[in-house]
There are 4 protein chains.
Amino acid sequence: MAKPRSGEKRTKIFRTALRLFAQNGYSKTTIKDIAAESNVSFGTVFTYFENKEELFHLCVTEPIEEFRHHLLETSGILEYFSIDKLKEMINEHVAYFLEKEDYLRVIQYVIGQPERFSKMMEELDLFSDEFMSFVQNVVKTGMEKGVLPESNPEEVGYGYLAFLMGARLTFTDYPGVQLTNALEKQAYRLFGIGI
Amino acid sequence: MAKPRSGEKRTKIFRTALRLFAQNGYSKTTIKDIAAESNVSFGTVFTYFENKEELFHLCVTEPIEEFRHHLLETSGILEYFSIDKLKEMINEHVAYFLEKEDYLRVIQYVIGQPERFSKMMEELDLFSDEFMSFVQNVVKTGMEKGVLPESNPEEVGYGYLAFLMGARLTFTDYPGVQLTNALEKQAYRLFGIGI
Amino acid sequence: MAKPRSGEKRTKIFRTALRLFAQNGYSKTTIKDIAAESNVSFGTVFTYFENKEELFHLCVTEPIEEFRHHLLETSGILEYFSIDKLKEMINEHVAYFLEKEDYLRVIQYVIGQPERFSKMMEELDLFSDEFMSFVQNVVKTGMEKGVLPESNPEEVGYGYLAFLMGARLTFTDYPGVQLTNALEKQAYRLFGIGI
Amino acid sequence: MAKPRSGEKRTKIFRTALRLFAQNGYSKTTIKDIAAESNVSFGTVFTYFENKEELFHLCVTEPIEEFRHHLLETSGILEYFSIDKLKEMINEHVAYFLEKEDYLRVIQYVIGQPERFSKMMEELDLFSDEFMSFVQNVVKTGMEKGVLPESNPEEVGYGYLAFLMGARLTFTDYPGVQLTNALEKQAYRLFGIGI
DNA sequence: GATGAATGAGGGTTCATTCAT
DNA sequence: TATGAATGAACCCTCATTCAT
């Protein structure tokens, strides 16, 4: 029996699961907990999701699409490049990474155990390749326009992704604005601007 | 009953545990697995470690000291500051972060679930504060010497730590040299140099 | 709420249930499976049958009547006894036991766990008593007519029933005709004929 | 970790399991029940057996060897054939089939669901072939010695096995001696003797 | 009548921990 | 010190049954 792919309860369960997986990891999170915090009964979780692994898998992969939209479709920067547009893009990236706390924690949990979650890693790798290649295009465009200093686009891609991931990983407790500013300014530097 | 704090078997078990915790996380790693891969019997693990939690706690906290040595006692940069010394320091940091794969995975596993591992988080936060304040001193010194451009030392600290953590988290498969170079050069930029 | 005792869907469900119970036993057979293989929805099964136990009970007891007809009303052998009529009866019995595979599997499943299915066992015992007493009458009649050799009718009854049940239980894969012949000839011997 | 293949507790658990599987079938029998009736804790069952399926498998296959001994090594009947020896063999077979109630119930449970337990069926089929070919040899020998009437050995084999299985299946409540006698005498008839 | 989402009791199984040897 | 059998809490999952639509 195919599982329903939508529905109010499914959404509730999904979000709860995402939060709990983010908080406690895969093994520590129990279906019982997910059910309780979703205000549904134990069995209902299995009405919407095949099993725990499938639920986790979906928590990891379903949001990728939305992620892609937010991170890659940034205000036509490739068509009309400018420092301001770049900064705007970076600001959005930083904000988005800091905002999507739960999802990124889950992602990092998976990335931290690539052998264990190899199936999901493949899908995440695809996205990370996509993201890096987008960043590389931005850098190339910026250089062609003579707006960005000489850089190795690949290196900027590596560094920028690492930086965003690390930012999300490392800072939990710090208040928002100050940290956000700090991270934005540091991110500019990775692109060779704002010094 | 106090547990032995040294011994060949203890070391073997400890290292195996660190590796397995890094690979599979806390819950998925079983004492049985640790014992088997350490070539000791099941019960022997409990001869050296109170219980699983204690073993994990030690895996997280024991190596901090060595970490401190490597990362903070870097060739008297504070006394004789120079761009070369700074680059040298950064190179060492990058190399060390990439080298200590297992340990850093474990750290990131803990950081990613701060409520769950709040006790260890405290100790890790102490070290991270220490590291950031060291970096801030480096930046301040560099600025005073007129060698580094105008920067907010705190921001550089944030960004640099995030970057190092993210680098370790994000890249597993890539070959060493090229990635190392890329990361080094991007790290320079965070300090406002290297372009 | 009284359940409908007839209807096309009821028949479909009933037959599917009988087949699945025969194939996999009571516990392994699920209502979901029965519904799916009957091409009805899940809940529909409960429209026609109180619950799983009731359905199983009916699978065991409903066909008894037809069984009785086929096995006990055999061509007036008690009125006009002859060796040929006896052989004819035996042939019919053997054929019927081999034909009613599903039902007899279910019967044997129940008989094999008499404590577990004590309620059904009572009904089955009634029929088995009836059958044995019929066979005893046949033997007595045959002896009175001087056509059957001296036998203990009860013993023949025991043996004959055991033989028929065992035949059905033991041989699944063997092709029909040869086995049927073999079993017929062996059954004759139990009555002291055909040697 | 390989499971212990002997030990007092293992024997206790094994026998309890055999009894409960015989009484209630595979699915209805719970590990909890087996543990309780064996006076061991729940987990101990898993110390000796991989899982429920494995335990069941062993219940079905381990006793085959002893079965073979008892049923096939019958007093050199093939070397020194005589009616008395044959009757002796039959008596032993009947007695053994009636005695090994639990084991044969389990066997019949498996045979009754051959698709479900196909793996075990293979092993059981091997034994049943062996048994039938032994019986065929007995019949051939008896015919050669001129002691048994003209028979189709294969047919006798079929019939005899069916009869023994059916006897075990069909009669549970009846007292021993009378039934035993009846079955023995009927079994003689299958070999064409004893009238 | 027909449906299938919701429920939760009960099953198999894992595994940290204890402890007698 | 070293071992591994014994334990049982807690997990995931199945499935009969109910009931609103």
Side-chain angles (χ1 to χ4, degrees), chain A residues 1-4 7-10 13 26-35 39-55, chain B residues 1 3-4 7 9-10 26-35 40-56, chain C residues 1 3-4 7 9-10 26-35 40-56, chain D residues 1-4 7-10 13 26-35 38-56:
Chain A
M1 200 92 62
K3 304 290 172 181
E8 200 182 316
K9 285 199 180 167
R10 186 189 188 279
I13 294 168
Y26 179 75
S27 303
K28 182 85 183 306
T29 300
T30 68
I31 299 281
K32 198 178 129 197
D33 291 345
I34 295 172
N39 291 315
V40 299
S41 90
F42 185 74
T44 299
V45 176
F46 293 95
T47 300
Y48 292 96
F49 302 95
E50 196 66 32
N51 52 38
K52 189 185 176 184
E53 201 181 329
E54 159 96 345
L55 174 54
Chain B
M1 198 122 41
K3 302 291 171 180
K9 285 196 183 173
R10 185 190 188 281
Y26 179 74
S27 303
K28 183 89 184 300
T29 301
T30 69
I31 299 285
K32 192 179 131 199
D33 289 345
I34 295 172
V40 300
S41 95
F42 189 61
T44 301
V45 175
F46 291 93
T47 302
Y48 290 97
F49 303 92
E50 194 65 32
N51 53 37
K52 189 184 175 184
E53 201 182 330
E54 157 98 345
L55 174 53
F56 185 63
Chain C
M1 198 120 41
K3 301 292 172 181
K9 285 196 181 173
R10 186 190 188 280
Y26 179 75
S27 303
K28 182 89 183 302
T29 301
T30 68
I31 298 285
K32 192 179 129 198
D33 290 346
I34 294 171
V40 299
S41 94
F42 189 60
T44 301
V45 175
F46 292 94
T47 301
Y48 291 97
F49 301 94
E50 194 64 33
N51 52 38
K52 189 183 176 184
E53 201 182 330
E54 157 98 344
L55 174 54
F56 185 63
Chain D
M1 198 94 63
K3 303 290 170 179
E8 200 182 316
K9 286 200 180 165
R10 186 190 188 279
I13 295 168
Y26 179 74
S27 302
K28 182 84 184 303
T29 300
T30 69
I31 299 281
K32 197 178 130 199
D33 291 345
I34 295 171
S38 306
N39 291 316
V40 299
S41 91
F42 189 71
T44 299
V45 175
F46 292 94
T47 301
Y48 292 96
F49 302 94
E50 197 66 31
N51 52 38
K52 189 184 176 184
E53 201 181 329
E54 158 98 345
L55 174 53
F56 185 62

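Only a predicted model underlies this, so the values are computations on that prediction, with no experimental measurement involved.
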So [X], base contact, sugar-phosphate only, or nothing? Heavy-atom distance under 4.0 Å.
{"X": "C/Pro4", "result": "sugar-phosphate"}
{"X": "B/Thr30", "result": "sugar-phosphate"}
{"X": "B/Phe49", "result": "nothing"}
{"X": "C/Ser27", "result": "nothing"}

Within a 6.0 Å radius of atom CD on C/Glu54, are there more than 12 heavy atoms belonging to other residues, nucleotides or ligands?
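Yes - once you tally the heavy atoms of other residues, nucleotides and ligands closer than 6.0 Å, there are more than 12.
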Out of curiosity, A/Phe49 CZ to A/Thr44 OG1, how far, rounded to the nearest 0.5 Å?
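Those atoms lie 11.5 Å apart.
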So how far is it from A/Lys32 NZ to A/Ile34 CD1, rounded to the nearest 0.5 Å?
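Separation between the atoms: 12.5 Å.
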Rounded distance in Å - [atom1] ([X]) to [atom2] ([N]):
{"X": "A/Asn39", "N": "E/dT7", "atom1": "CG", "atom2": "C1'", "result": "15 Å"}
{"X": "B/Tyr48", "N": "F/dT1", "atom1": "OH", "atom2": "C1'", "result": "7 Å"}
{"X": "B/Leu55", "N": "E/dC15", "atom1": "CG", "atom2": "P", "result": "16 Å"}
{"X": "D/Phe56", "N": "E/dG11", "atom1": "CZ", "atom2": "P", "result": "18 Å"}
{"X": "B/Lys28", "N": "E/dA16", "atom1": "NZ", "atom2": "C1'", "result": "17 Å"}
{"X": "B/Lys32", "N": "E/dA16", "atom1": "NZ", "atom2": "P", "result": "10 Å"}
{"X": "D/Arg10", "N": "F/dG4", "atom1": "CZ", "atom2": "P", "result": "19 Å"}

What heavy-atom pair brings [X] and [Y] nearest, and what distance separates the two atoms?
{"X": "C/Thr47", "Y": "C/Pro4", "value": "O-CD, 3.3 Å"}
{"X": "A/Phe46", "Y": "A/Ile31", "value": "CE1-CG2, 3.8 Å"}
{"X": "C/Ser41", "Y": "C/Ala35", "value": "O-CB, 3.8 Å"}

Look through every strand shown and name the nucleotide pairing with F/dT21 as Watson-Crick or G-U wobble, where both distances are under 3.5 Å.
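Checking every strand shown, F/dT21 finds its partner in E/dA2, with both distances under 3.5 Å.
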Identify the nucleotide, in any strand shown, that forms a Watson-Crick or G-U wobble pair with F/dC12, with both distances under 3.5 Å; if there is none, say none.
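Its partner is E/dG11.
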Measure from NZ or CZ of A/Lys52 to the centre of the six-membered ring of A/Tyr26, then state whether that distance is under 6.0 Å and the direction lies within 45° of the axis.
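Pair A/Lys52/A/Tyr26 counts as cation-pi.
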Position toward the 5' end of DNA chain F (nearest nucleotide), D/Val40 or B/Ser41:
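Final value for this comparison: B/Ser41.
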Shorter than 3.5 Å, N or O on both sides, protein versus nucleotides 17-21 of chain E: list them out with atom names.
| residue | atom | partner | partner atom | Å |
| --- | --- | --- | --- | --- |
| E/dT17 | OP2 | B/Lys52 | N | 2.8 |

Please tell me which of A/Lys9 and C/Thr47 maps to the more 5' nucleotide of DNA chain E, matching each residue to the nucleotide holding its nearest heavy atom.
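Nearest-nucleotide comparison on DNA chain E picks C/Thr47.
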